[in-house]
Amino acid sequence: KANWGTISESRQELVAALVAAGQAHLFAGWDEPGTNDEAKAAFLDSLVKINGNYPGGLSGYIANARKLLAESKAGANPFEGLTPEQPEKVDLTSFSEAFEQYEAIGAGKFDKVGVVLVAGGLGERLGYNGIKLDIAVEVLEQTSYLKHYADNLLAMQARSASKRPVPFIIMVSQDTGPKTIESLEANHYFGLRKEQVHILQQELVPAIADNDGALALESAYQLILKPHGHGDIHMLLHTSGVAAKLAAEGIEYFMFIQDTNGPSFNTLPAAIGVSVEHGYDFNSLAIRRKPGEAVGGLARLVGEGREFTLNVEYNQLDPLLRATINPEGDVADETGFSPFPGNCNTLVIKVDSYVRILEASQGIIAEFVNPKYSDETKTAFKKPTRLETMMQDLPKLFGEAEKVGVTIFDRMWSFSPNKNNVADAAAKIASGGPADASATAENDFYGAGRARLEVAGMKVEEAGEKMILGVPFTLGPKVILRPSFAMTLAEGREKVAGGSISGEATLILEGADIKLENVELSGTTGLVVKACEGAKVTVKGKFENEGFELVELGADADVPEYLKIRGYRFENRGAAIFEFDEPGEYTVQP
Ligand code: UGB
């Protein structure tokens, strides 16, 4: 007490509560009054802030930590007594009539959907120094992930009867917040209204030094703080009141997406349709998972009168399978894939059940702790740990009333995150896994465009692959159909009639009112057509030019990071580019 100096009563109360919660060490090493008083005050201010950020305050955090650490020490198996079975699934891995019916239902709900983007992670694995949302998903036109997502929201609202702005919730952290806001402001919110964008900032949580939940100190007047995981989005949607507000305004579904999964919006219409048709409160989008792949496995866990569908994170899947249904663990079945669908962490959640669950749980979603112990007695940690949460764990709070389903899509169409630098990507390719890197993300971006053209009846000749710095890249055709042009397969079919595109050609279409009539693109031809609102453009005939050339850069090229992380760029050698920025009727011919 002698060392407190002059601190306010509310701060003294917090200090007293912390001492009662076994945290006396935080104040034990204090200097005499008069020495370092400013640092002491700043420390207390930081405790007050951290205390306010966590529902239940620091005492709640410490109590949760003790409980979870005791379970971890006892070696409690979170899946004790549960056996994994197949979840309820809708298979949309190929385009079919059913696929298009789901898309039609989903498209009818575009003004009842909010999009939630978790973007608090820094992407250290990627070797990119800015925020991941600023990285280009493709380098023909350098569209950033953030612009790509905003373009999709604009396309959704343009198609809805009410034209209501689609709410866009972005979770940032102190690492990503300032640059995310800078990017939005510098680009006039990419055409979105500022009011439709809700920025929620996740806060760091204190690191924990031991099994008693002692908060770890960086120095005498500073705690060690660490990220709490993407599950914070649920807490923030609750504490900010945004979820309840949007529910009251009539939003029925939230689609949760990650910062660098470009194809998320390919799946949005059909995934919403599936949720509506099957009455899913929680719909996990999935792919056919390669065994050992760093994505969780979705399973129905059954036992002891309990049953729920959940993501089993990739590090827990193998031990669970070994302990239950397969002594060989996380291996392929006769299809060559893991029997459990791979979690893309793209989630469609029904808003009214969500708000109910958030109110009951305060939005704290199934925290877990993963300490690295220094020896078998599990009494000490190698380094301080912390509580974490994952957004896909929400169903842990569901009861019998809530329905969870899984919708499986083709990988190229649905899941191609950009997480790994070129060297790590090449190593992943060498060991037979997906690279999940810039080049593969761009490759799949064009691949989805090709798929849309094929469905529309155009003849698409696919070129071979080239290895660039150890990562495969399909040379083409490179097809970008902007969301303004088509969000569903049916729309592509309405706008494209016949025609053909050769293996190394490029086609970029932007605008709602463009029609292609028997367009032929041969050789390396490039064609870009952009039409503003009100410009009606018909494209016909056979085009021939040098188009865009892929230029390899080599590993040590002195180029900006967004190119370094892929190892190539494109140079325009004479592509035909038509841009219409006045309303009117136009025909484009060679
Ligand atoms: N993120 C945050 O917003 N805040 C955080 O504190 C942490 C992350 P990672 P992870 O889809 O490939 C997940 O780190 O956690 C954002 C699933 O758990 O890239 O290793 C971050 O900005 C896994 O089951 O992923 O693994 C990014 O947008 C599997 O599906 C997102 O959260 C895997 O993703 C994911 O963060 C995958």
Side-chain angles (χ1 to χ4, degrees), residues 53 115-126 128 130-135 137 145-146 149 169-177 179-180 199-205 207 225-237 255-264 267 284-290 292-299 310-318 330 338 340-347 365-368 370 386-396 406 408-409 411 414-421 424-425 428 433-437 440-441 444:
N53 287 338
V115 173
V116 183
L117 167 63
V118 290
L122 255 187
E124 281 133 343
R125 283 178 277 171
L126 192 53
Y128 185 79
I131 51 166
K132 291 198 277 176
L133 288 176
D134 275 346
I135 298 176
V137 59
Y145 280 96
L146 191 50
Y149 296 152
I169 298 104
I170 309 177
M171 181 172 79
V172 297
S173 62
Q174 62 189 43
D175 292 332
T176 62
K179 284 192 174 163
T180 305
I199 306 273
L200 303 176
Q201 177 155 326
Q202 65 176 148
E203 302 293 342
L204 300 170
V205 290
L225 300 173
K226 297 195 174 196
H228 192 227
H230 37 73
D232 274 353
I233 185 58
H234 302 305
M235 182 168 91
L236 291 173
L237 276 167
M255 175 133 159
F256 290 69
I257 61 173
Q258 304 198 46
D259 48 16
T260 63
N261 188 32
S264 316
T267 57
S284 280
L285 276 48
I287 38 141
R288 285 177 290 215
R289 180 177 178 277
K290 296 193 177 173
E293 185 176 350
V295 303
L298 293 155
L310 206 61
N311 170 67
V312 180
E313 198 57 342
Y314 44 92
N315 57 335
Q316 295 178 322
L317 188 62
D318 183 77
D330 182 10
S338 157
F340 296 95
N343 169 42
C344 305
N345 247 5
T346 306
L347 312 168
I365 306 304
E367 283 177 314
F368 63 95
N370 189 13
R386 87 293 202 167
L387 302 191
E388 291 177 72
T389 63
M390 297 190 292
M391 67 172 176
Q392 64 268 38
D393 274 346
L394 185 78
K396 285 189 175 166
V406 174
I408 310 177
F409 288 93
R411 184 183 290 261
S414 63
F415 186 61
S416 190
N418 185 352
K419 298 194 182 203
N420 300 305
N421 61 55
D424 290 351
K428 281 178 184 274
D436 293 344
T440 50
D444 292 341

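Each ligand, and each atom within it, is numbered from 1 in the order the structure gives.
With rounding to the nearest 0.5 angstrom, the CG atom of D330 is 13.5 Å from the NZ atom of K290. The OG1 atom of T346 lies 7.5 Å from the CD1 atom of I257; values are rounded to the nearest 0.5 Å. Rounding to the nearest 0.5 Å gives a distance of 9.5 Å between CG of L225 and CD of E203. Between the CG atom in D259 and the CE atom in M171 there is a gap of 10.0 Å [rounded to 0.5 Å].
Of the polar atoms of G120, at least one N or O is found under 3.5 Å from an N or O of ligand 1, judged by distance alone. Below 3.5 Å of separation, one finds no N or O of M390 facing any N or O of ligand 1. Remark: ligand 1 and V118 share an N or O pair separated by less than 3.5 Å (distance only, no angle test). Not a single N or O atom of M171, backbone or side chain, sits closer than 3.5 Å to an N or O atom of ligand 1. An N or O contact shorter than 3.5 Å links G296 to ligand 1 by distance.
Formation of a donor-acceptor pair under 3.5 Å by the N420 side chain with backbone atoms of A425 is not found in this model. At least one donor-acceptor pair closer than 3.5 Å links the side chain of H234 to the backbone N or O of M391. Using modelled atom types, no side-chain atom of R386 and backbone atom of V205 make a donor-acceptor pair closer than 3.5 Å. Between the side chain of T180 and the main chain of T176, a donor-acceptor pair closer than 3.5 Å is present.
With S414 as the partner, the side-chain contact (heavy atoms from CB on, under 4.5 Å) test is satisfied by one option alone out of L285, N261, I287: I287.
Atoms of ligand 1 lying under 4.0 Å from any heavy atom of R125, numbered from 1 in the order shown and given with element: 9 (P), 14 (O), 19 (O), 20 (O). Residue-ligand proximity, F415 to ligand 1, at heavy-atom distances under 4.0 Å covers atoms 11 (O), 12 (O), 37 (C). Residue contact check: Q258 has heavy atoms under 4.0 Å from atoms 11 (O), 27 (C), 28 (O), 31 (C), 34 (O), 35 (C), 37 (C) of ligand 1. The A119 neighbourhood of ligand 1 comprises atoms 3 (O), 22 (O), with distances under 4.0 Å to a heavy atom of that residue. Proximity to K419 (heavy-atom distance under 4.0 Å) selects the following atoms of ligand 1: 9 (P), 11 (O), 12 (O), 19 (O), 25 (O), 33 (C), 34 (O), 37 (C). Distances below 4.0 Å separate heavy atoms of Y314 from the following atoms of ligand 1: 20 (O). Using a 4.0 Å cut-off to heavy atoms of D259, the atoms of ligand 1 that qualify are 21 (C), 22 (O), 27 (C), 28 (O).
The protein atom (non-hydrogen) at minimum distance from atom 30 (O) of ligand 1 is N343 O, 2.7 Å. Considering only non-hydrogen protein atoms, atom 15 (O) of ligand 1 sits nearest to H230 NE2, 3.1 Å. Nearest protein heavy-atom neighbour of atom 13 (C) of ligand 1: N345 ND2, 3.6 Å. Scanning the protein heavy atoms around atom 4 (N) of ligand 1, the nearest turns out to be Q202 OE1, 2.6 Å.
Contact annotation: the side chain of F256 approaches that of I233 to within less than 4.5 Å [non-hydrogen atoms, C-beta and beyond].
The residue E293 has no part lying near ligand 1, judged by heavy-atom distances below 4.0 Å.
For the residue pair H228/E367, the side-chain donor-acceptor check at 3.5 Å is satisfied.
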Go through L146 and I131 one step at a time and tell me if the side-chain contact (heavy atoms from CB on, under 4.5 Å) criterion holds.
CA-CA 10 Å; L146 191 50; I131 51 166; 5.6 Å; no
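Selection from M391, E313, E388 by nearest heavy atom to atom 24 (O) of ligand 1 gives E313.
Put simply, no part of S173 is less than 4.0 Å from ligand 1, judged by heavy atoms.
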